[in-house]
A.B. asks: 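To start, I am sharing the structure in question, which I have written as structure tokens.
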2 protein chains.
Amino acid sequence: MRVRLEDVARAAGVSPKTVSRVLNEEAYVKDDTRKRVLAAMESMNYRPSPSARGLAGSRSFLVAMLYDNNDNPASTYLAEIQNGVLDACDANRYSMMVCPLRMRGPDFIRRVDALISDHHVDGVVLTPPLTDHPPLLRRLREREVPHSSVSPVSRNDAIGVCMDDEHAAQALVTHLIQLGHQRIAHVLGIANHGATRWRLAGYKAALSAAGIPYDPDYVVQGEFMFGSGVAAARKLLTLPEPPTAIFAANDDMAAGVMWAANERGMKVPRDVSVCGFDDTPLASQLWPPLTTVRQPAREMGKLAALQLMELLRGKGSGLLVQVPYSLQLRESTGEPPKGS
Amino acid sequence: MRVRLEDVARAAGVSPKTVSRVLNEEAYVKDDTRKRVLAAMESMNYRPSPSARGLAGSRSFLVAMLYDNNDNPASTYLAEIQNGVLDACDANRYSMMVCPLRMRGPDFIRRVDALISDHHVDGVVLTPPLTDHPPLLRRLREREVPHSSVSPVSRNDAIGVCMDDEHAAQALVTHLIQLGHQRIAHVLGIANHGATRWRLAGYKAALSAAGIPYDPDYVVQGEFMFGSGVAAARKLLTLPEPPTAIFAANDDMAAGVMWAANERGMKVPRDVSVCGFDDTPLASQLWPPLTTVRQPAREMGKLAALQLMELLRGKGSGLLVQVPYSLQLRESTGEPPKGS
DNA sequence: CTGAAAGCGCTAACAG
DNA sequence: CTGTTAGCGCTTTCAG
């Protein structure tokens with residue numbers, strides 16, 4: 001019925017253990033033998049049983065992608081990361097499990113435990129804001145589960161992938177300043193996301209570099225979601241001296257800002273410039289197309305997973321690699337209204 | 001270290017086999033015994049090993065969600081279905097694997113095979129357009145892999161979940177007609193999707209019911225993607241006698257249509273009414289908000305998975321359940337321009 | 001209704 | 001560099 005390790009061994013004229021060695025890319029197999037075994041595997045179309053491997057050995061060839069189900073807006077951002085992780089799995093004969101977690105739930109840690117011990121997951125890819133959830137990280141360390149993070153806040157001990165959000169945000173806001181804007185507002189993301197902090201820092205840095213004083217009235221809380229962008233813009237646009245440009249910490253909120261502007265009969269960018277962050281598909285689907293920063297989410301998911309797999313292979317350099325951002329200057333930003 | 005079946009057995013004073021019976025909800029266990037075993041499991045925090053179960057038995061408690069990676073636009077639609085499947089898994093102690101497939105790829109079937117035999121997947125959830133891919137269905141049947149579909153085209157032998165796309169589309173177009181539109185165009189989806197066919201049928205039915213002749217010039221090909229909506233609208237809006245309303249087969253294309261209208265300096269709905277289908281988040285984030293049909297994707301994913309699990313439990317009614325749609329009338333549709 | 005024995009397909013630990 | 005011997009934790013027979 002099923003081709004087993006033993007069958008391959010017989011066909012190749014070696015012991016099962018040798019086949020196992022080849023399968024696991026262990027050292028100490030004569031090159032000649034290895035080739036013979038590989039050929040046998042190929043010709044018999046042998047596929048190892050993950051169950052048996054998981055049961056007998058310590059590895060499962062399964063990685064899990066964890067994400068938070070409460071505080072996570074951008075399903076499109078997560079979907080892209082997931083695609084990236086799948087790309088990496090594909091290239092390395094891993095399989096992926098998807099694990100939505102409710103960070104606020106009382107059984108949060110129990111669920112993580114269950115995941116790990118149930119499926120012997122070899123490692124996990126963490127996405128924001130799980131990348132910096134202390135109880136989770138503690139548990140993963142306790143149980144010695146290798147993990148790799150996408151955009152972790154704490155960049156010292158983490159391995160994974162990140163982007164220079166701060167400089168990206170700074171570049172974006174600098175662009176607004178160069179267009180002539182002085183009254184520039186910022187809509188914050190969810191507090192516990194690193195992205196929120198970095199993008200705010202970039203905003204401040206750009207203002208400060210241009211000698212524009214920081215005005216707390218121009219910085220309002222958002223939650224990375226469309227609706228929060230609408231709410232934030234309603235506040236900002238009714239200020240006695242409203243901003244001429246609004247930088248929202250992500251595209252969804254920027255879309256909300258544009259929506260709120262439309263609602264007031266304002267035209268973007270004539271009456272107010274708007275920009276976002278991430279370059280999700282939405283950005284180019286809005287009218288006018290949104291100026292934003294491109295964040296290569298899929299690439300980041302892939303890289304994080306690849307980092308994890310290197311770690312699993314023992315070759316882990318344990319690095320936090322950085323991917324480049326790029327400004328996407330589109331039509332939602334322009335010169336400030338005359339006489340403002 | 002790990003709590004095993006044997007440990008539970010010892011604690012409950014029964015044989016391992018009995019614990020196994022309880023675990024698998026088999027009949028023929030005295031109620032009293034069952035309770036004792038359950039109590040022991042609970043107090044010892046026992047969690048069965050999926051690897052061992054998979055290896056020894058025939059079940060893996062793993063379901064896979066298959067989707068096509070080429071012809072699939074709406075990542076947000078798939079993400080919602082995925083969430084629904086996860087909901088169902090959660091409720092039934094299943095785990096989910098995510099399997100992007102390249103339908104066009106030469107190794108398509110091999111990949112499916114690999115998936116099934118590698119992981120002993122108990123069953124799969126199929127999403128469009130995989131729901132009607134003959135080689136795939138044949139292979140699944142050959143290998144006797146239970147499967148459940150979301151919106152399959154062939155509704156006879158399929159089990160899963162569907163919506164009445166046709167009547168939904170008809171209702172939507174009827175709404176346009178009631179607003180006074182006569183020249184109504186339609187942007188088609190990808191050809192091999194059932195949704196494309198049904199929505200077109202609904203469009204035709206509505207016209208026909210109103211006595212409006214069907215004009216092939218008003219029906220243009222699209223691909224469910226934003227860009228294809230833009231292209232389609234560019235054609236339609238430059239027609240000698242352009243339509244006063246455009247019904248796109250999904251929201252992404254409708255967004256493209258609105259974008260193209262903006263590009264030409266036209267105002268929606270003053271100059272042209274636009275409506276879509278699905279009610280993805282995008283629909284309410286556009287300006288003006290998009291009139292569309294709400295399709296409960298997450299619910300559908302969940303139901304499809306639940307149907308599958310019933311099938312696995314042997315209680316399979318094998319039904320194709322239908323979920324209700326609802327019209328979302330918003331501001332992108334209005335009366336046709338005067339004198340048109 | 002319950003139990004005993006025999007593996008599922010692989011890898012770990014130890015020999016050679 | 002390669003092989004041997006035991007299991008991993010569960011379910012499947014088959015007996016009671």
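This structure is a prediction, so every number in the text was calculated from the model and none was measured. Lettering of chains follows the sequences in order, A, B, ..., and the numbering in each one begins at 1.
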A.B. asks: Please confirm whether the backbone N or O of A:C162 pairs with a side-chain atom of A:S151, one donor and one acceptor, at under 3.5 Å?
C.D. replies: no
A.B. asks: So does B:G84 get a backbone contact from the side chain of B:E299, meaning a donor-acceptor N/O pair under 3.5 Å?
C.D. replies: no
A.B. asks: Between atom CG in B:L55 and atom P in C:dG7, what is the gap in whole Å?
C.D. replies: 14 Å
A.B. asks: Are the side chain of A:S60 and the backbone N or O of A:G54 linked by a donor-acceptor pair below 3.5 Å?
C.D. replies: no
A.B. asks: I'd like to know if the side chain of B:D122 reaches the main chain of B:V63, judged simply by a donor and an acceptor atom lying under 3.5 Å from each other, with no hydrogens or angles considered.
C.D. replies: no
A.B. asks: Can you pull out the residues from residues 30-45 of chain B that lie within a 4.0 Å heavy-atom distance of DNA chain C?
C.D. replies: B:K30, B:T33
A.B. asks: Are there any protein N/O atoms within less than 3.5 Å of an N/O atom in nucleotides 10-12 of chain C, and if so, which ones and at what distance?
C.D. replies:
residue	atom	partner	partner atom	Å
C:dC10	OP1	A:Y46	OH	2.5
C:dC10	OP1	A:S49	N	3.3
C:dC10	OP2	A:L5	N	2.3
C:dT11	OP1	A:N24	ND2	3.0
C:dT11	OP1	A:R53	NH1	3.4
C:dT11	OP2	A:S20	OG	2.7
C:dA12	N7	A:K17	NZ	3.3

A.B. asks: Could you write out DNA chain C as a dot-bracket string, with dots for unpaired bases, | for bases paired across to another strand, and Watson-Crick or G-U pairs counted at under 3.5 Å?
C.D. replies: |||||||||||.||||
A.B. asks: Please tabulate, one pair per line, all N/O donor-acceptor pairs under 3.5 Å involving side-chain atoms of residues 6-13 of chain A, not counting sequence neighbours.
C.D. replies:
residue	atom	partner	partner atom	Å
A:D7	OD1	A:R4	NH2	3.2
A:D7	OD1	A:R10	NH2	3.4
A:D7	OD2	A:R4	N	2.7

A.B. asks: Compare all side-chain heavy atoms of A:Q307 with those of A:L319 and state whether any distance is below 4.5 angstrom.
C.D. replies: yes
A.B. asks: Applying the side chain to side chain contact (heavy atoms under 4.5 Å, CB included) test to B:L320, which of B:P152, B:S154, B:S149 qualifies?
C.D. replies: B:P152
A.B. asks: For residues 128-139 of chain A, which residue pairs pass the side chain to side chain donor-acceptor pair (under 3.5 Å) check, not counting sequence neighbours?
C.D. replies: A:D113-A:R139, A:R139-A:E142
A.B. asks: For residues A:V125 and A:V150, determine if any side-chain heavy atom of one lies less than 4.5 Å from a side-chain heavy atom of the other.
C.D. replies: yes
A.B. asks: Can you pull the ring-ring contact (aromatic ring centres under 6.0 Å, His included) pairs that have at least one residue in residues 40-61 of chain B, sequence neighbours excluded?
C.D. replies: B:F61-B:Y94
A.B. asks: I'd like the C1' distance from C:dA15 over to C:dT11, given in whole Å.
C.D. replies: 16 Å
A.B. asks: Counting only side-chain nitrogens and oxygens, does A:T18 get under 4.0 Å of the OP1 or OP2 atom of D:dG3?
C.D. replies: yes
